[in-house]
There are 4 protein chains.
Amino acid sequence: MPNLPVNTLTRRERQAADRAEEILEVAARLFAERGFHRTTTKDIAEAAGVAEGTLYNYFDSKDALLFGILGRLSETPQEELGLSGPPQADARQYFTTLLHRRRSYLDKNFVMVQAIMSEILANAGLRERYHEQILDPWLEAIETALSQRIEAGQIRSLDIPAAARFIASIWLGLFIIEALGDPLIHIEWERLVETTTSMILDSVAP
Amino acid sequence: MPNLPVNTLTRRERQAADRAEEILEVAARLFAERGFHRTTTKDIAEAAGVAEGTLYNYFDSKDALLFGILGRLSETPQEELGLSGPPQADARQYFTTLLHRRRSYLDKNFVMVQAIMSEILANAGLRERYHEQILDPWLEAIETALSQRIEAGQIRSLDIPAAARFIASIWLGLFIIEALGDPLIHIEWERLVETTTSMILDSVAP
Amino acid sequence: MPNLPVNTLTRRERQAADRAEEILEVAARLFAERGFHRTTTKDIAEAAGVAEGTLYNYFDSKDALLFGILGRLSETPQEELGLSGPPQADARQYFTTLLHRRRSYLDKNFVMVQAIMSEILANAGLRERYHEQILDPWLEAIETALSQRIEAGQIRSLDIPAAARFIASIWLGLFIIEALGDPLIHIEWERLVETTTSMILDSVAP
Amino acid sequence: MPNLPVNTLTRRERQAADRAEEILEVAARLFAERGFHRTTTKDIAEAAGVAEGTLYNYFDSKDALLFGILGRLSETPQEELGLSGPPQADARQYFTTLLHRRRSYLDKNFVMVQAIMSEILANAGLRERYHEQILDPWLEAIETALSQRIEAGQIRSLDIPAAARFIASIWLGLFIIEALGDPLIHIEWERLVETTTSMILDSVAP
DNA sequence: AATGAATGAGGGTTCATTCAT
DNA sequence: CATGAATGAACCCTCATTCAT
């Protein structure tokens, strides 16, 4: 068994990664439930089934947990977010796909997104990192998609940066309303997607 | 000076109200700047020019300051928010006015809104009160306006609750993006209003 | 009673100074007994009869207590230390007086000196401040006194900086031996002074 | 290779002793640099190139490292310290030799001496052991040397215990001043020895 | 014998709240 | 009503020690 040590090491490394993963998920859940500041490191350790000190074998500080969660969110590849789609798709399909992909992204990451969002307006460092890693790439991708579609004649000419922010704001706003506990949104996302797309593409004029 | 006591009392009451007001504004500013938990009662007292103990003559607790700020926000009459407008206005003007009014509302209350929003996802009690006092009335007003306009034939028939949430989410999302420090939004609100209204009313089809 | 507020304020200030004083003395005693690191802020608070948080109304940190103790030690005027004596006194009397004054200084400040000395070799910042505020002025004063006496012909010419360090080292060394618990020193300081002075002034030659 | 196991064992034992030695030296260096409490077992393990747990295969506890260092210091034979010299040497040579030997002892062991001294006033157990193993033998040896020289008529009669403490205090005091960072002492030890010996033997009278 | 992840008691410090003045 | 010193529970984090591998 010449590769036993390698395997052992790998297993250890994998265990360590798993443990870090689990801590991060537990922390995200608690941050989402009661906010970053109302969650103590003791809470996290207990919920993760480890000792408090163990947290610090994986993360430098409580803040590092927050940044770790943000890092996890930014790992999602752009395609999965509907940010880079096939440009040949027509505009309606693009919007529909975009909102669906973001919905399934949210379904997978709701807790982590809420953990971050619950602290983001109160934490300048987090805000900055969110900008760099999440928001700016997202806006850029939307702007690219829009300009491609305008060039392709799929949609009419419009103020691209403003439109990108408009689109991003829809998703952010819907997330906020859902996180605030509005019962309709989670259940009826389909209706929202349909209505939203329809309002943008078909106008609300009678 | 037989009425001096009365006057004094009255002045005192006014002074008291003013002081509570000032404390609330100072607190909102600090909460918005650095978040609720990073702001200490000592910070607030110093910034307001009073002793720490004095805060407790006006508010029961630090939490009460937060609820006080929320209360102030909910005092704004609906008309000012563009929630109840003259139904005779056409749809385009309705949307434009709505967004403008909400903008000037935000200009007046940005700090208080940010103070509340920065904590709202982390504080269940606050969330509940926000629902009752702010969000639900707002959604209801939009729904009413929409159904009135649909009935009047100004806009086509659509899923009213979903559309209301869509509209609210735009405003919430734009606020978040602005609060996150996006430079475009604050400066170019006009463009955003125009683009948004245009996208909803004119469709993005070429 | 037009000066009541003034008196009240003064009394408060005096109380505050007294309290700070007492905390410092208690801390010095505990530091001397069991060392800086083995003394907890809880220990200090309990021994001082206050809550732990109260310590921080008077001192910024546990370290600040140590520096506060050092500051107290450096307040002692030079005359009291026998550093600046009447130069007309003859050399024997100078040495005797010097050692006696340092002894009575030590009797008054033993605990504080031990508190500082027990940490000084382990704490670079403290060491630096001790140099500036205690050791260097002391060495300078001895050097001045020696050169004055050499000029006056009271003692023969010698290597002044070396001699000053020699004299300082006697006191420091005797303090260390006493602090180490040697029973002789504290009880028989007179004999030590006499022997030391005699060895320096009369030579040990038969 | 029938004796391989024996050799291996022997080599292992030697390796073990070497490793304990190295750990001790590394620990002494770190204790001297930043004090006992500011040095973590992790620091020591890293600096020694072993795992933290390995320390505990060689020493029972962190405290045991300190006592181990003390033990190393007390291994130095008395002659090397100038404690037991040939009594026929005259007094001046005795003092000069004593100070020179202690200097070269210090040159070899400065780090270990500082490691011990930095903690000694804060650690009752260490203090006691230092007394037993270092200070008392030293004082006794000086007292013996003095009484031998008095009997031999090399020096005049004097208070022997006091004189022994005086002599010990010189060395301790000079060490402290050096450890405090005084620049003169280390460089100019020769001058100090000369001045000190001269002051004791020739008197400072003009 | 060597490892280093896990442990958890204990540390220094903060801060919302109280209350005597 | 205003004050601000006092409070002490609770926080985040450290680190000597253990033990399964």
Side-chain angles (χ1 to χ4, degrees), chain A residues 4-5 8-9 11-13 15-16 19-20 37-46 49-65, chain B residues 12 15-16 19 37-46 49-65, chain C residues 4-5 8-9 11-13 15-16 19-20 37-46 48-65, chain D residues 12-13 15-16 19 37-46 49-65:
Chain A
L4 181 63
T8 303
L9 208 66
R11 198 199 308 152
R12 261 204 189 167
E13 282 174 351
Q15 278 182 351
R19 176 82 51 120
H37 293 279
R38 282 181 179 79
T39 305
T40 69
T41 51
K42 194 159 178 283
D43 290 338
I44 299 168
E46 276 173 11
V50 299
E52 220 173 330
T54 303
L55 299 183
Y56 292 87
N57 290 333
Y58 293 92
F59 299 93
D60 283 345
S61 64
K62 195 187 168 194
D63 270 338
L65 288 167
Chain B
R12 271 199 187 161
Q15 279 182 349
R19 185 159 289 195
H37 293 279
R38 283 180 179 80
T39 304
T40 68
T41 51
K42 193 159 179 284
D43 291 337
I44 299 169
E46 273 174 11
V50 300
E52 234 177 316
T54 303
L55 299 183
Y56 290 85
N57 289 329
Y58 294 93
F59 300 93
D60 283 346
S61 67
K62 196 187 169 194
D63 271 338
L65 287 167
Chain C
L4 181 62
T8 304
L9 207 65
R11 200 199 304 152
R12 262 202 187 167
E13 281 173 351
Q15 278 182 351
R19 176 83 49 121
H37 293 279
R38 282 180 180 79
T39 305
T40 69
T41 51
K42 193 159 177 286
D43 292 337
I44 299 168
E46 275 172 11
V50 298
E52 223 173 329
T54 303
L55 299 182
Y56 291 85
N57 290 334
Y58 293 93
F59 299 94
D60 283 344
S61 65
K62 196 186 168 196
D63 270 338
L65 287 168
Chain D
R12 271 199 188 162
E13 282 173 351
Q15 278 182 349
R19 186 161 289 198
H37 293 279
R38 283 180 180 79
T39 305
T40 68
T41 51
K42 191 158 181 282
D43 291 337
I44 299 168
E46 275 173 12
V50 298
E52 234 178 317
T54 304
L55 298 182
Y56 289 85
N57 290 330
Y58 294 92
F59 299 93
D60 284 346
S61 66
K62 195 187 168 194
D63 272 337
L65 287 168

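Per chain, numbering begins at 1; letters A, B, ... match sequence-line order.
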For atom [atom1] of [X] and atom [atom2] of [N], their distance in whole Å:
| X | N | atom1 | atom2 | answer |
| --- | --- | --- | --- | --- |
| E46(D) | dG4(E) | CD | C1' | 11 Å |
| Y58(B) | dA16(E) | OH | P | 20 Å |
| R19(C) | dA6(F) | CZ | C1' | 8 Å |

Item to check | Contiguous pairing runs of three or more, Watson-Crick or G-U under 3.5 Å, that involve DNA chain E | outcome: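 If one scans DNA chain E for consecutive Watson-Crick or G-U pairs, the stems found are E:2-21 with F:2-21.
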Item to check | Residues which pass salt bridge (charged side-chain N to carboxylate O under 4.0 Å, His left out) with R38(A), listed by chain and number, not counting sequence neighbours | outcome: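 Salt bridge (charged side-chain N to carboxylate O under 4.0 Å, His left out) check on R38(A) returns E119(B).
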Item to check | Contact summary for F59(C) and A20(C), nearest pair of heavy atoms | outcome: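 Closest heavy-atom pair between F59(C) and A20(C): CZ-O, 3.7 Å.
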Checklist entry - Above 12 or not: heavy atoms from other molecules or residues under 6.0 Å from CG of D63(B)? => result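 Enclosed.
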Item to check | side chain to side chain contact (heavy atoms under 4.5 Å, CB included) partners for A51(A), two or more places apart | outcome: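 T54(A).
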Next on the checklist: Checking Y56(D) now: which residues fulfil side chain to side chain contact (heavy atoms under 4.5 Å, CB included) with it, not counting sequence neighbours?
Outcome noted: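 In terms of side chain to side chain contact (heavy atoms under 4.5 Å, CB included), with neighbours along the sequence ignored, Y56(D) is linked to T41(D).
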Checklist entry - Run the side chain to side chain contact (heavy atoms under 4.5 Å, CB included) check on R19(A) and Q15(A) step by step: do they pass? => result CA-CA 6 Å; R19(A) 176 82 51 120; Q15(A) 278 182 351; over 6 Å; no
Item to check | side chain to side chain donor-acceptor pair (under 3.5 Å) involving S61(B) - partner list, sequence neighbours excluded | outcome: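 Partners of S61(B) under the side chain to side chain donor-acceptor pair (under 3.5 Å) test: none.
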Checklist entry - Tell me, for nucleotides 11-17 of chain F in 5' to 3' order, what letter each nucleotide earns: B for a base near a protein heavy atom under 4.0 Å, S for only sugar-phosphate near one, - for neither? => result SBBBSBB
Next on the checklist: Using modelled atom types and a 3.5 Å cut-off, is there a donor and acceptor pairing between side-chain atoms of K62(B) and backbone atoms of T40(B)?
Outcome noted: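 Checking the backbone N and O of T40(B) against the side chain of K62(B), no donor-acceptor pair under 3.5 Å is found.
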